[in-house]
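Reviewing the structure listed below.
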Protein chains: 2
Amino acid sequence: MAQGPTITTIAKRAGVSIASVSRVLNGLPTRQDTVSKVMAAAEELGYVRNAVARSLKSSRTHQVAFAMADVGNPAYLAMLREIQPVLKAAGYRLVLHSTGADVADEIGVLHSLGERYVDGLIMVPLRVTDAHLRMLAAARAPVVVIGSVPEGTPVDNVRADSRTGVRLALDHLHALGRRRVGLVNGPPDTVPGAARGAGYVEALAALGLPYDKELVEIGDFYRADGRRAVAALLDRRPDIDALMCANDLIALGALDVLRAAGRRVPQDVAVVGMDDTDLAAASWPSLTSVSLGSAERGRAAAELLLDRLEDGDVAPRLVTVPPRLEVRASTAGEQAPPAGDADRPGADGAGA
Amino acid sequence: MAQGPTITTIAKRAGVSIASVSRVLNGLPTRQDTVSKVMAAAEELGYVRNAVARSLKSSRTHQVAFAMADVGNPAYLAMLREIQPVLKAAGYRLVLHSTGADVADEIGVLHSLGERYVDGLIMVPLRVTDAHLRMLAAARAPVVVIGSVPEGTPVDNVRADSRTGVRLALDHLHALGRRRVGLVNGPPDTVPGAARGAGYVEALAALGLPYDKELVEIGDFYRADGRRAVAALLDRRPDIDALMCANDLIALGALDVLRAAGRRVPQDVAVVGMDDTDLAAASWPSLTSVSLGSAERGRAAAELLLDRLEDGDVAPRLVTVPPRLEVRASTAGEQAPPAGDADRPGADGAGA
DNA sequence: CCCCACACGGTAAACGTTTACAGAAGCAGG
DNA sequence: CCTGCTTCTGTAAACGTTTACCGTGTGGGG
């Protein structure tokens with residue numbers, strides 16, 4: 001941990017000026033024997049370029065920040081997993097901000113762009129407040145927002161389309177002959193809750209089915225909420241034949257309750273989740289789920305940002321990622337074990 | 001994105017020297033009216049301190065790196081989720097390196113410490129090679145290794161204890177009256193594979209059970225491997241009454257095959273997983289699993305690193321985190337739906 | 001043989017901070 | 001009114017790079 005060698009150390013040892021050292025290290029045209037002397041000295045000293053000094057001079061940090069509420073959330077995680085390699089390939093490091101559902105903290109991240117410790121930011125705001133919009137307009141570095149941002153906001157924007165996602169699911173259920181499809185939604189004052197609710201209404205209309213508010217139940221986005229909501233629903237409408245759940249955890253809760261009530265899935269009640277997380281493939285029966293393309297959104301955001309870092313002068317762009325329905329046993333189901341399907345690393349690489 | 005104001009801009013506007021500005025901004029004793037002038041100017045200009053310049057001068061970046069093979073891996077993710085808030089509370093940013101199981105890449109991360117873009121590193125190596133040890137000895141910043149490192153390596157070290165973990169599981173199964181316990185292990189040339197194999201042998205001996213190599217099957221750490229392995233095992237030893245699986249994915253594979261074969265879990269065959277991931281609580285029946293304390297290891301590592309960053313002169317320390325058995329339906333089981341249990345956020349916070 | 005062009009390398013400034021040092025100003029005491 | 005002390009502030013150097021600019025030395029052409 002001793003004080004590392006600098007360009008000056010090398011210059012002394014090689015008997016040249018620091019300018020020459022810098023030129024050699026940057027591959028600028030230099031006489032051959034100078035090159036050799038410098039390289040030799042650098043080698044012997046184990047020189048490594050100081051990134052901080054370099055950043056100060058060049059005002060490029062080669063770092064990009066990614067800010068979201070919680071890395072533990074599978075949707076954000078899926079984004080992260082795509083963003084990381086894209087940035088890495090382009091020579092950027094990734095700084096992670098978990099803001100923990102705290103709006104003030106999100107604003108803080110935006111503010112901290114002024115510290116210039118990153119070249120750009122990808123952020124997934126929980127909610128877009130006026131404060132967000134003001135900070136986005138004044139941001140000191142390029143920002144890409146995943147989620148919806150009003151037209152005219154000077155940032156690149158990547159969106160999912162959960163309305164259409166719900167629509168896909170309802171079309172699928174309708175095609176399977178289901179006519180009494182319940183909705184187990186999250187809070188309607190959240191962005192996803194609102195969009196999913198709207199998608200449900202829309203889809204019913206498109207299919208010519210009546211909207212029956214007894215078929216809708218609201219809770220939070222967790223498994224226990226799903227259980228509560230579905231219990232209530234079954235109680236109220238025992239003839240229900242399908243459930244559209246606003247995320248996979250809610251759907252797992254639904255499976256718990258249906259099993260306890262002796263309803264077969266999918267024969268008696270078909271169940272669809274949303275987000276297509278790992279849990280969907282792991283559950284029994286495996287869960288049909290609407291993928292909102294988190295991975296694709298992450299990748300798109302990273303690419304937009306890289307583009308802008310290369311050439312900041314393009315107009316703000318909008319990318320919308322289409323949803324996709326992953327059909328599994330909970331709707332389609334022969335009850336066979338899942339095929340050699342989306343298996344994912346889960347080994348503990350650590351341990352002793 | 002205009003060129004932001006610097007300390008010099010403020011100095012001009014306030015009619016003082018840059019030294020005074022710096023002093024005010026750092027809260028050093030200063031005459032009151034100077035303070036007001038500087039604060040006013042800083043306010044008006046929307047000044048934000050440049051982190052890069054600051055780092056250069058102070059040789060502190062207030063960044064820490066975390067390097068592991070893959071963020072998607074639940075064990076690493078659990079670590080990350082603990083590390084992040086600890087660092088954040090201490091005023092450090094988190095730089096994430098996903099090395100993708102590439103040893104050269106891990107070495108690269110160690111090497112890049114010389115660039116001094118972080119103050120320290122927490123790393124989870126897949127395997128500890130000689131190259132690792134050399135780089136660790138020469139590291140230009142404090143490193144904490146999660147995993148096992150030979151005695152004498154000059155780094156802080158946090159370990160799990162999967163041998164004891166296997167032991168806990170086998171004790172539990174034995175107490176339930178199971179006597180023909182199979183092992184579905186990962187590759188024995190990996191650190192976790194080896195440790196788990198050793199734990200199995202040890203535990204059998206301690207329980208006075210014979211070691212029967214027909215009861216052991218090896219595959220990789222994925223669900224499909226688990227299915228293959230368990231199919232072979234059932235074929236060879238139809239009288240098997242319990243399965244110790246080297247991770248949760250393997251265990252899910254085991255459940256698939258047992259279900260298909262008409263064996264009831266846990267009545268006919270009890271199943272234990274390892275790592276206690278989200279999947280364990282999500283599966284049906286829910287999975288008894290050995291937690292190796294990933295979260296605790298992450299937290300411990302972060303705390304060790306912070307300690308060392310405060311005062312680099314303490315001797316290298318070793319922390320071993322004990323395993324814990326999470327008993328669920330796959331061994332203990334009434335087949336009731338899981339209680340209002342470890343439900344975790346899974347809502348999509350984005351989308352629209 | 002001289003001059004010019006050119007390639008190369010060195011000096012110094014700059015990036016935006018922090019901080020050692022010294023000078024200025026204010027004040028109390030003699 | 002001077003001395004000496006304290007308190008504050010300004011000047012300048014430093015962190016480790018990159019790079020504009022200029023001087024030197026070489027080789028070739030006239």
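Each chain gets a letter, A, B and so on, in the order the sequences are listed, and its residues count up from 1.
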_Considering every strand and a 4.0 Å limit on heavy-atom distances, what is the contact class for B/Ser58: base, sugar-phosphate, or nothing?_
nothing

*So, B/Asp70 and B/Ser98: side-chain donor and acceptor under 3.5 Å apart, yes or no?*
no

*Would you please name every residue forming a ring-ring contact (aromatic ring centres under 6.0 Å, His included) with B/Tyr92, sequence neighbours left out?*
B/His62

_Quick check: any donor-acceptor pair below 3.5 Å linking the side-chain of B/Lys57 to the base of C/dT18?_
yes

*Whole-Å gap separating P (D/dG10) and NZ (B/Lys37)*: 8 Å

*Could you check whether B/Arg23 gets within reach of a base, just the sugar-phosphate, or nothing at all, counting any heavy atom under 4.0 Å?*
base

*asked:* Is there a side-chain contact between A/Ser17 and the phosphate of C/dG9, meaning an N or O under 4.0 Å from OP1 or OP2?
replied: no

*Which of these nucleotides, D/dA12, D/dA20, C/dT18, is closest to any side-chain atom of B/Ala19?*
D/dA12

*Is there side-chain contact between B/Ile107 and B/His132, with at least one heavy-atom pair below 4.5 Å?*
yes

*Compare the minimum distances between each of C/dG9, D/dT18, C/dT17 and the side chain of B/Ile18, then state the nucleotide with the smallest one.*
C/dT17

*Would you please test B/Met68 and B/Met79 for side-chain contact (heavy atoms from CB on, under 4.5 Å) and show each step?*
CA-CA 10 Å; B/Met68 37 56 256; B/Met79 292 175 192; over 6 Å; no

_Judged by each residue's nearest nucleotide on DNA chain C, which is more toward the 5′ side, B/Tyr47 or B/Arg31?_
B/Tyr47

*Starting at CD1 of A/Ile10 and ending at C1' of D/dT17, how long is that distance when rounded to a whole Å?*
12 Å

*Select one nucleotide: of C/dC8, D/dG16, C/dG10, the one nearest the side-chain heavy atoms of A/Thr6.*
D/dG16

*Atom-to-atom span, CD of A/Gln32 to C1' of C/dG9 - whole angstrom*: 15 Å

_Can you tell me which nucleotide in D/dC8, C/dC15, C/dT19 comes closest to the side chain of B/Ser22?_
C/dT19

*Rounding to a whole Å, what distance do you find between B/Arg140:CZ and D/dG16:P?*
12 Å

_If you only use heavy atoms from C-beta on, which nucleotide in C/dT17, D/dG16, D/dT17 is closest to the side chain of A/Arg54?_
D/dT17

*Could you state the NE2-P distance from B/His62 to C/dT17, rounded to the nearest angstrom?*
15 Å

List, one per line, each side-chain donor-acceptor pair under 3.5 Å for residues 14-25 of chain B, sequence neighbours excluded.
residue	atom	partner	partner atom	Å
B/Ser17	OG	B/Ala19	N	3.3
B/Ser17	OG	B/Ser20	N	3.3
B/Ser22	OG	B/Asn26	ND2	3.3

*Look at all strands and tell whether A/Val16 reaches a base, only sugar-phosphate, or nothing, counting heavy atoms closer than 4.0 Å.*
sugar-phosphate

*asked:* Using whole Å, what does the distance between atom P of nucleotide D/dC15 and atom CG of A/Leu56 come to?
replied: 14 Å

*Report yes if at least one side-chain N or O of B/Asn50 is closer than 4.0 Å to OP1 or OP2 of C/dC15; otherwise report no.*
no

*Using a cut-off of 4.0 Å on non-hydrogen atoms, how would the nucleic acid contact of B/Ser55 be classed: base, sugar-phosphate, or nothing?*
nothing

_Nucleotide D/dT17, atom P - distance to CG of A/Asn26 in whole Å_ = 11 Å

